[in-house]
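Here's the structure, in structure tokens; my notes come after.
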There are 2 protein chains.
Amino acid sequence: MNLPKAWEILKENGFKETSKRQQILKMFSEDDRYLTARDLLDVMQKDYPGMSYDTVYRNLATFVSLGILEETELSGERHFRMQCESDHHHHHFICLDCGKIKEVPVCPMDMLGAALPSYQIANHKFEIYGKCPECQ
Amino acid sequence: MNLPKAWEILKENGFKETSKRQQILKMFSEDDRYLTARDLLDVMQKDYPGMSYDTVYRNLATFVSLGILEETELSGERHFRMQCESDHHHHHFICLDCGKIKEVPVCPMDMLGAALPSYQIANHKFEIYGKCPECQ
DNA sequence: AATGTAAATCGTAATGACTCTTAATTAGAA
DNA sequence: TTCTAATTAAGAGTCATTACGATTTACATT
């Protein structure tokens, strides 16, 4: 997702354009890896001093709830990245070294068939982990 | 997995049969839901006082590394359950209410094809979340 | 059965991710 | 420009998890 689209969504939902939100979104738009809140803070407190934990976490939660960022859990920590542009449902390969992702145009829910009769499905998670070609 | 099998694996790997390990494994063998370390401690410190955090976490890690327990992350917390008996690879539906699971005899890796050429795949995760028939 | 020793455990303190609180600041509307 | 609700800063607090030194225990050996 690009920055203008992100701001469009924020504005539509009545959120203000603050300098901290600009800084956070800029970081995500320039990095396609999964980042932790700590990653953000480490960089930010260097380039833009005075960013607090609270601000980072509060905005990450906002961005995820609006579909601007996507979130996953890797080795016990929450990781975030810009939501993919793709309009079709897909999943991710995640490089355990560099954190970069690759879209996988496959969804296992397509092959479920009648495996879960009368189960009420809310959501699902499918991720592949390993090393990308560059990191081998 | 049943208790004798679990102890067989532990013995094979040179681990001692302690009363704490007996207590922990007993809890898992009597409950097929995903449990947190806290769940274990709450029950244990009532029935068997004097179980420490360290002992619980250390043994959970041991059991997972030996394939006796399986682990997943649900809403930010590590959850554990006895490893399935099934000899064929499968995945899980997890009820977000009661924590019970149902095996899903489907693996998305089968339909990957050539989607990840020259990527080195280490592992993958596929889980379906929702409500089981009893919890609706 | 007694002993020796490495493994295991206890109790507690420490860590680190994340959240909450209150007062001050700021974006954007009027 | 002024007003007001949204946002942020700073730091304290919470909670899951890990680390550590002292003590205890399983079990192999005698």
Side-chain angles (χ1 to χ4, degrees), chain A residues 3 6-27 34-66 68-69 71-81 99, chain B residues 3 6-27 34-66 68-69 71-81 99:
Chain A
L3 284 177
W7 283 116
E8 182 188 326
I9 295 172
L10 283 162
K11 291 296 175 58
E12 273 171 8
N13 288 273
F15 288 93
K16 295 179 176 174
E17 181 163 357
T18 69
S19 68
K20 302 304 169 179
R21 286 192 178 130
Q22 284 169 352
Q23 293 168 13
I24 293 171
L25 287 177
K26 181 160 177 290
M27 279 213 55
Y34 270 107
L35 303 173
T36 64
R38 172 73 49 174
D39 292 334
L40 287 179
L41 272 168
D42 286 349
V43 173
M44 295 226 189
Q45 292 186 330
K46 201 170 40 182
D47 294 358
Y48 324 88
M51 173 80 67
S52 75
Y53 284 92
D54 189 64
T55 300
V56 169
Y57 281 107
R58 181 167 25 74
N59 281 309
L60 288 177
T62 299
F63 297 156
V64 169
S65 74
L66 293 176
I68 293 171
L69 296 182
E71 176 181 2
T72 194
E73 185 266 340
L74 298 170
S75 59
E77 270 185 276
R78 293 165 73 188
H79 285 65
F80 304 85
R81 73 186 301 278
Chain B
L3 284 179
W7 283 117
E8 182 188 325
I9 294 172
L10 283 164
K11 291 295 174 60
E12 273 171 10
N13 288 275
F15 289 92
K16 296 179 177 175
E17 180 162 359
T18 69
S19 67
K20 303 301 169 178
R21 288 191 177 131
Q22 284 170 352
Q23 293 167 15
I24 293 171
L25 287 177
K26 181 161 176 288
M27 280 212 55
Y34 270 107
L35 303 174
T36 64
R38 171 74 50 172
D39 292 335
L40 287 179
L41 272 167
D42 285 350
V43 172
M44 294 225 188
Q45 292 187 330
K46 202 169 41 185
D47 294 359
Y48 324 88
M51 172 81 67
S52 77
Y53 283 92
D54 191 62
T55 301
V56 168
Y57 280 107
R58 182 167 25 74
N59 280 309
L60 288 176
T62 298
F63 296 159
V64 168
S65 75
L66 292 176
I68 293 171
L69 296 182
E71 175 181 3
T72 195
E73 185 266 338
L74 299 170
S75 57
E77 271 183 275
R78 294 166 72 187
H79 285 66
F80 303 85
R81 74 186 299 280

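Chain A is the first sequence line, chain B the second, and so forth, proteins listed ahead of strands; every chain is numbered from 1.
- Counting only N and O atoms by type, the side chains of B/Y34 and B/R78 include no donor and acceptor under 3.5 Å apart.
- When distances are taken from the side chain of A/K16 to each of D/dA5, D/dT8, C/dT19, the shortest belongs to D/dA5.
- OP1 or OP2 of D/dT18 has not a single side-chain nitrogen or oxygen of B/R58 nearer than 4.0 Å.
- Residue A/N59 contributes atom CG, which lies 14 Å from atom P of C/dA27 at whole-angstrom precision.
- Computed from coordinates, the A/R21 CZ to C/dT25 P distance equals 19 Å when rounded to whole Å.
- Side chains of B/N59 and B/T62: no donor on one and acceptor on the other come within 3.5 Å.
- Between B/L41 atom CG and D/dC15 atom P there is a gap of 15 Å when expressed in whole angstrom units.
- A/R78 comes within contact range of the sugar-phosphate backbone alone, with a heavy-atom separation under 4.0 Å but no base atom that close.
- One can find a donor-acceptor pair under 3.5 Å joining the base of D/dC20 and the side-chain atoms of B/D54.
- Within the structure, every side-chain polar atom (N or O) of A/R38 is placed at least 4.0 Å from both OP1 and OP2 of C/dG16.
- Distance B/L35 CG to D/dA16 P: 15 Å, rounded to the nearest Å.
- Atom NZ of A/K11 and atom C1' of C/dG28 are 9 Å apart (whole Å).
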CA sep, side-chain torsions, deciding dist, call: A/L10, A/E17, side-chain contact (heavy atoms from CB on, under 4.5 Å)
CA-CA 8 Å; A/L10 283 162; A/E17 181 163 357; over 6 Å; no
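- Distance from the side chain of B/K20 is smallest for C/dT9 among the nucleotides D/dT18, C/dT9, D/dT7.
- The side chain of B/T18 lies closest to D/dA26 when the candidates are C/dA17, D/dA16, D/dA26.
- With C/dA8, D/dT7, C/dC10 as the choices, the nucleotide that has an atom nearest any side-chain atom of B/T55 turns out to be C/dC10.
- Heavy atoms of B/G76 sit nowhere under 4.0 angstrom from any nucleic acid atom.
- Comparing D/dT17, C/dC10, C/dA17 by their closest approach to the side chain of B/Y57 singles out D/dT17.
- Closest contact between the side chain of B/M51 and the listed nucleotides C/dC10, D/dA9, C/dA17 involves C/dC10.
- With distances taken from any side-chain atom of B/A37 to the nucleotides D/dT8, C/dT9, D/dT17, the minimum falls on D/dT17.
- A/E12 is not listed as a side-chain neighbour of A/L66, based on a closest heavy-atom distance of 4.5 Å or more.
- Rounded to whole angstrom, the span from the OH atom of A/Y53 across to the P atom of C/dC20 amounts to 17 Å.
- Atom-to-atom, CZ of A/F15 to P of D/dT8 comes out at 10 Å; the value is rounded to the nearest Å.
- Between B/L25 atom CG and C/dA8 atom P the separation is 13 Å, expressed in whole Å.
- Atom OG1 of A/T55 is separated from atom CG of A/L40 by 12.0 Å, given to the nearest 0.5 angstrom.
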